[in-house]
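Numbering of residues begins at 1 and proceeds along the displayed sequence.
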Amino acid sequence: MSFFESYQQTVFFHPPTLTAPGVTDSNEVYVANYLSTRNYTLMVTVENIDTSVVVRLEGSTDGVRYGALLSNTITENGTYAYNSTGFPVKYVRANFLKETGGNNARVTFQISAN
């Protein structure tokens, strides 16, 4: 008789605030026999926005090539939540892709994966 043992893991990442366009460190969200994720939440807090910022949650299967799991343009200061479901990847990172209208924005990301 074989048994299937299943459990759900949720992990949280809190990278440092970005004050210029750039990417956060990558976070591993798949570890064989330990952790396997396919659903992601990106929380974004923007301060000192001028016109707009573009943010992305990016995923990778090899830790080298990343693609957008979600992408959004934000036009007001505040905290925003975005979800991406059903995309298993091995690594995730946040990307402060672009700022329009100035260079004062501060972007803080929080990432959760399950």
With clusters defined by side-chain heavy atoms of hydrophobic residues (ILVMFWY) lying less than 4.5 Å apart, directly or transitively, does F12 cluster with V31?
no
Side-chain heavy atoms under 4.5 angstrom apart, residues restricted to Ile, Leu, Val, Met, Phe, Trp, Tyr: same cluster for F96 and L70?
yes
Taking T24 for its side chain and A94 for its backbone only, find out whether a donor-acceptor pair lies under 3.5 Å.
yes
Residue among L97, V55, V54 satisfying side chain to side chain contact (heavy atoms under 4.5 Å, CB included) with T73:
V54
Approximate separation, where rounding is to 0.5 Å, of R38 CZ and F87 CZ:
10.5 Å
Which atom pair, heavy atoms only, marks the closest approach of E58 to V23?
OE1-CG1, 4.2 Å
Rounded to the nearest 0.5 Å, what separates atom OH in Y80 from atom CG in N72?
10.5 Å
Evaluate L18 against F109 for side chain to side chain contact (heavy atoms under 4.5 Å, CB included), listing each step before the verdict.
CA-CA 9 Å; L18 298 178; F109 295 106; 3.9 Å; yes
Once rounded to the nearest 0.5 Å, what's the spacing between atom NE2 of H14 and atom OG of S112?
8.5 Å
Given side chains that start at C-beta, do those of T79 and M43 come closer than 4.5 Å, heavy atoms only?
yes
Report whether L57 and V44 are members of the same hydrophobic cluster (ILVMFWY, side-chain heavy atoms less than 4.5 Å apart, transitive linking).
yes
Rounding to 0.5 Å, atoms OG1 (T19) and CG (N103) come to a distance of 9.5 Å
Taking atom types as modelled and ignoring hydrogens, do the side chains of N83 and T41 form a donor-acceptor contact shorter than 3.5 angstrom?
yes
Test your reading of the model: is there a side-chain donor-acceptor pair from E99 to the backbone of N104, 3.5 Å cut-off?
yes
Verify the cluster assignment for V89 and Y91: are they in a single hydrophobic cluster under the rule of side-chain heavy atoms below 4.5 Å apart?
no
Just jot down the side chain to side chain donor-acceptor pair (under 3.5 Å) partners of T75, sequence neighbours excluded, or say none.
none
Side chain N48, main chain R106, donor-acceptor under 3.5 Å
no
Would F13 and V29 count as a side chain to side chain contact (heavy atoms under 4.5 Å, CB included) if you check the C-alpha gap in whole Å, the side-chain angles of each, and the deciding distance to 0.1 Å?
CA-CA 10 Å; F13 306 101; V29 292; 3.8 Å; yes
Is atom CG of D25 surrounded by more than 12 heavy atoms (other residues, nucleotides or ligands) closer than 6.0 Å?
no
Using 0.5 Å steps for rounding, measure from the CG atom of N95 to the CG atom of L69.
11.5 Å
When rounded to the nearest 0.5 Å, the distance separating NZ of K98 from OG of S52 is 7.0 Å
With a 3.5 Å distance limit and no angle check, can you tell me whether S60 reaches the backbone of R65 through a side-chain donor-acceptor pair?
yes
What closest approach, in Å, do D50 and G101 show between heavy atoms, and which atom pair accounts for it?
CB-O, 3.2 Å
